[in-house]
Amino acid sequence: MTSTRTARTLSIAALAAAFAGIAAAGAHAQDATKEREAIITVAGEGRSSIAPDMAILQLSVVKDAKTAREALDANNKTMAEVLKALKDGGIAERDLQTSGFSVNPQYNYPNNNDGGNRPPELIGYQVANGVSVRVRDLAKLGEIVDKSVTLGVNQGGGIQFTNDKPEGAITEARKAAVTDAIEKAKVLAEAAGVSLGNIVNITEQGFRPEPVPMMRAGMAKEYAADSVPMATGENSYNVTVNVTFAIKQ
């Protein structure tokens, strides 16, 4: 009886192994078929341009004095006046952010004409305080820059034009990128004498803003006569997608 049960167990195990081998072979064959599937992969590019509705300014106040305390006090006074003017001009608290602060000793390095080794001389201290400003009313941009410099801003000036909500432009760029990819794939398939099948895969490489130096008509007239001239131009959002198509056999 024991030998009979053992034989049955071995037979069942053998059958299970056989079925497993057949299943594995089938899966391997399917994988091989997929690997041999003919495809076309193309990169599509899309762009959408819109006028910016916000600017980010980088403004700094730099003060020098004999002592660090004197330099800091002078800087604090000027920066407080600048911040007050910005708020009075309509800049909200959420659009003002300190972007950098430093206190650095200043040295004089004597000429060593006689070949001697003279140590540097401490001549004072420099305090720099920077602020990042989001300007949502671009018509006031030149006026804000002009007034800030008048009140004591003496370093910085970096300006970045951007959009508060660029999602609409990015969506249009994505659509254009996919359309571009389809057109490219059609050209390649026609040149190769084959027909396109279904889309197998779509991946997006990401989008990037690309400023275009183009002055908007009428913008210059919006500035006050004594303000700093500014050209806002347009922002272009570029999207690249990779699209893979099957080739009909």
Side-chain angles (χ1 to χ4, degrees), residues 6-56 58 95 132 134-136 138 158-219 230-249:
T6 302
R8 288 179 179 176
T9 302
L10 290 174
S11 297
I12 293 173
L15 286 173
F19 280 120
I22 293 172
H28 181 72
Q30 290 179 356
D31 291 341
T33 300
K34 289 182 179 179
E35 291 176 0
R36 290 195 301 269
E37 183 179 15
I39 59 174
I40 291 178
T41 300
V42 294
E45 297 180 353
R47 171 184 290 184
S48 179
S49 298
I50 56 175
D53 56 20
M54 184 170 63
I56 301 176
Q58 301 297 333
D95 292 328
S132 176
R134 291 187 183 91
V135 181
R136 299 180 187 273
L138 293 181
I159 300 177
Q160 177 188 357
F161 291 102
T162 185
N163 295 93
D164 187 28
K165 296 180 179 180
E167 291 81 8
I170 296 170
T171 296
E172 292 303 315
R174 286 188 175 119
K175 292 179 181 179
V178 173
T179 300
D180 182 53
I182 293 173
E183 292 302 318
K184 287 179 179 177
K186 288 180 179 178
V187 172
L188 291 175
E190 182 180 354
V194 298
S195 298
L196 287 179
N198 295 327
I199 293 177
V200 177
N201 187 45
I202 300 178
T203 59
E204 179 181 317
Q205 294 184 14
F207 67 89
R208 65 185 187 279
E210 180 181 320
V212 178
M214 183 184 301
M215 181 69 174
R216 278 198 297 156
M219 175 57 73
M230 293 286 173
T232 59
E234 288 185 338
N235 288 334
S236 288
Y237 293 88
N238 301 327
V239 174
T240 300
V241 296
N242 293 324
V243 183
T244 300
F245 298 82
I247 295 178
K248 290 183 180 178
Q249 300 296 330

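For the single chain, residues carry numbers from 1 onward in sequence order. Model, not experiment: these values are computed from the prediction.
Under the rule for a side-chain contact (heavy atoms from CB on, under 4.5 Å), the partners of Ala246 that lie at least two apart in sequence or sit in another chain are Glu37, Val200. Judged as a side-chain hydrogen bond (donor to acceptor under 3.5 Å, both in side chains), and not counting sequence neighbours, Lys186 has no contacts. Applying the side-chain hydrogen bond (donor to acceptor under 3.5 Å, both in side chains) criterion to Asn242, with sequence neighbours excluded, gives Gln205. For Ala169, the side-chain contact (heavy atoms from CB on, under 4.5 Å) partners are Ser48, Ile50, Tyr237, not counting sequence neighbours. Partners of Ile56 according to the side-chain contact (heavy atoms from CB on, under 4.5 Å) rule, which considers only residues two or more places apart in sequence or in another chain, are Gln58, Ser132, Arg134, Gln160, Thr162.
When all heavy atoms of Pro52 and Glu234 are compared, the pair lying nearest together is CD-CA, 3.9 Å. Nearest approach of Ala181 to Val42, heavy atoms of both residues: O-CG2, 3.3 Å. Scanning all heavy atoms of the two residues, the minimum distance from Ala51 to Asn163 falls at O-ND2, 2.9 Å. Taking each heavy atom of Ala176 and Gly46 in turn, the nearest pair found is CB-CA, 3.8 Å.
Between the CZ atom of Phe245 and the OG1 atom of Thr41 there is a distance of 9.0 Å, given to the nearest 0.5 Å. Separating the CD1 atom in Ile39 from the CG atom in Leu196 is a distance of 12.0 Å, to the nearest 0.5 Å. Thr240 OG1 to Arg47 CZ: the interatomic distance, rounded to the nearest 0.5 Å, is 10.5 Å. Within the model, atoms OG1 of Thr232 and CG of Leu138 stand 6.0 Å from one another, a figure rounded to the nearest 0.5 Å.
Evaluation of the side chain to side chain donor-acceptor pair (under 3.5 Å) test over residues 187-203, restricted to residues two or more places apart or in two chains, returns none. The stretch residues 161-172 participates, sequence neighbours left out, in these salt bridge (charged side-chain N to carboxylate O under 4.0 Å, His left out) pairs: Arg136-Asp164, Glu172-Lys175.
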* **Worked check of side chain to side chain contact (heavy atoms under 4.5 Å, CB included) between Met54 and Asp95** => CA-CA 11 Å; Met54 184 170 63; Asp95 292 328; 5.6 Å; no
* Can Ile182 and Val243 be said to form a side chain to side chain contact (heavy atoms under 4.5 Å, CB included), step by step? -> CA-CA 8 Å; Ile182 293 173; Val243 183; 5.7 Å; no
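A donor-acceptor pair is defined here as one N or O able to donate and one able to accept, closer than 3.5 Å; such a pair exists between the side chain of Asp180 and the backbone of Glu45.
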